[in-house]
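Structure below; questions to follow.
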Amino acid sequence: MSEQYPVRSQEAREQSGRDLAIMVYLIQAISLFTAVPMFIGVLINYFKRSDVRGTLAESHFRWQIRTFWFWLLWTIVGICTVWIFGLGYVVLAINWIWVFYRVIRGWLVLVDRRPAY
């Protein structure tokens, strides 16, 4: 006796992808105050990326993954340059503002049901 798995409709895939993207935007927003959740968010993006392929959420996942990698790069640069006349603090502040912008913009575009790019 073979069991058949139900095939999800495109609408259900779209809704599931949007829900995941909203959850990751929330995780990234929380990460503005503590960095650990940012790693959880990007793991969700990578593990669920195939589930959202071909949906609106695919562009948001790409947006969120790029946000993570640039955040990580500039966080490391900022931490490594703190000793240079406090330059690192400026880098970290700009990085924080940039992530804030990316989270808000991405979430607003997602709510409007538009791609991130």
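Quick caveat, the model's predicted, so the values are computed rather than measured.
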query: Is the centre of the F68 ring less than 6.0 Å from the centre of the F39 ring?
result: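 Centroid distance F68-F39: below 6.0 Å, so yes.
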field: Connected via hydrophobic side-chain network under 4.5 Å: W71 and V36
entry: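 Cluster IDs for W71 and V36 differ.
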- prompt: Got V24 and H60 here, is their nearest side-chain heavy-atom distance under 4.5 Å?
  reply: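 They are not in side-chain contact.
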field: Sole candidate of R102, R62, Q28 that passes side chain to side chain donor-acceptor pair (under 3.5 Å) when paired with T67
entry: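 Result for side chain to side chain donor-acceptor pair (under 3.5 Å) with T67: R102.
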field: Side-chain donor or acceptor of T81 paired with backbone N/O of I84 under 3.5 Å
entry: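 Such a contact is absent between T81 side chain and I84 backbone.
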field: Straight-line distance of I65 CD1 to I44 CD1, nearest 0.5 Å
entry: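 The CD1 atom of I44 is 11.5 Å from CD1 of I65, to the nearest 0.5 Å.
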query: Could you give the distance from CG (L92) to CD1 (I97), rounded to the nearest 0.5 Å?
result: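 Going from the CG atom of L92 to the CD1 atom of I97 covers 11.5 Å.
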field: Partners passing salt bridge (Lys or Arg N to Asp or Glu O under 4.0 Å) against R53 (at least two apart in sequence or in another chain)
entry: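 With sequence neighbours excluded, R53 shows a salt bridge (Lys or Arg N to Asp or Glu O under 4.0 Å) to E58, given in chain and number order.
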message: For a quick check under 3.5 Å, do E14 and Q10 share a side-chain donor-acceptor pair by atom type?
response: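 The answer is yes; a qualifying pair exists.
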message: Other residues, nucleotides and ligands only: do more than 12 of their heavy atoms fall within 6.0 Å of OH on Y117?
response: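 It does: Y117 OH has more than 12 such atoms within range.
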- request: Please round to the nearest 0.5 Å and tell me the distance separating atom CG of L20 and atom CZ of R49.
  value: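 So the CG of L20 and the CZ of R49 are separated by 14.0 Å.
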message: Side-chain heavy atoms nearer than 4.5 Å, only ILVMFWY residues, links allowed to pass through others: does that put L73 and I79 together?
response: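 No: no chain of side-chain contacts under 4.5 Å links L73 to I79.
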field: Verify same cluster id: L108, I27 (apolar side-chain graph, 4.5 Å)
entry: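 No.
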field: Nearest-0.5 Å distance that lies between atom CD1 in I94 and atom OH in Y101
entry: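 I94 CD1 to Y101 OH: 15.5 Å, rounded to 0.5 Å.
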Minimum-distance pair of heavy atoms, taken over all atoms of W63 and A116: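 It is CB-CB, 3.6 Å.
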task: Anything under 30° is parallel, anything over 60° is perpendicular, the rest tilted; go ahead and classify F100 against W96.
output: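 F100 vs W96 ring planes: parallel.
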- prompt: Is L110 reachable from V42 through a run of I, L, V, M, F, W or Y residues, each pair having side-chain heavy atoms under 4.5 Å apart?
  reply: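 The answer is yes; both residues are in one hydrophobic cluster.
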query: Would one find more than 12 heavy atoms of other residues, nucleotides or ligands at under 6.0 Å from atom OH of Y89?
result: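 No - once you tally the heavy atoms of other residues, nucleotides and ligands closer than 6.0 Å, there are 12 at most.
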CA sep, side-chain torsions, deciding dist, call: W98, F70, side chain to side chain contact (heavy atoms under 4.5 Å, CB included): CA-CA 10 Å; W98 180 80; F70 280 105; 3.4 Å; yes
message: If you define the side chain from C-beta out and look only at heavy atoms, does anything of L26 sit under 4.5 Å from I22?
response: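 SC-SC contact between L26 and I22 ruled out.
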- prompt: Are V99 and M38 close enough, and set up right, to give a side chain to side chain contact (heavy atoms under 4.5 Å, CB included), and what steps lead you there?
  reply: CA-CA 11 Å; V99 170; M38 188 70 90; 3.9 Å; yes
P115 side chain reached by L56 side chain, heavy atoms, under 4.5 Å: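 When only atoms from C-beta onward are counted, P115 and L56 do touch, with a gap below 4.5 Å.
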field: Verify same cluster id: V109, M23 (apolar side-chain graph, 4.5 Å)
entry: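 No, it is not one cluster - the side chains of V109 and M23 are not joined through contacts under 4.5 Å.
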- request: Return the set of residues passing salt bridge (Lys or Arg N to Asp or Glu O under 4.0 Å) with R114 (not counting sequence neighbours), or none when no residue passes.
  value: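 Only D112 meet the salt bridge (Lys or Arg N to Asp or Glu O under 4.0 Å) criterion with R114.
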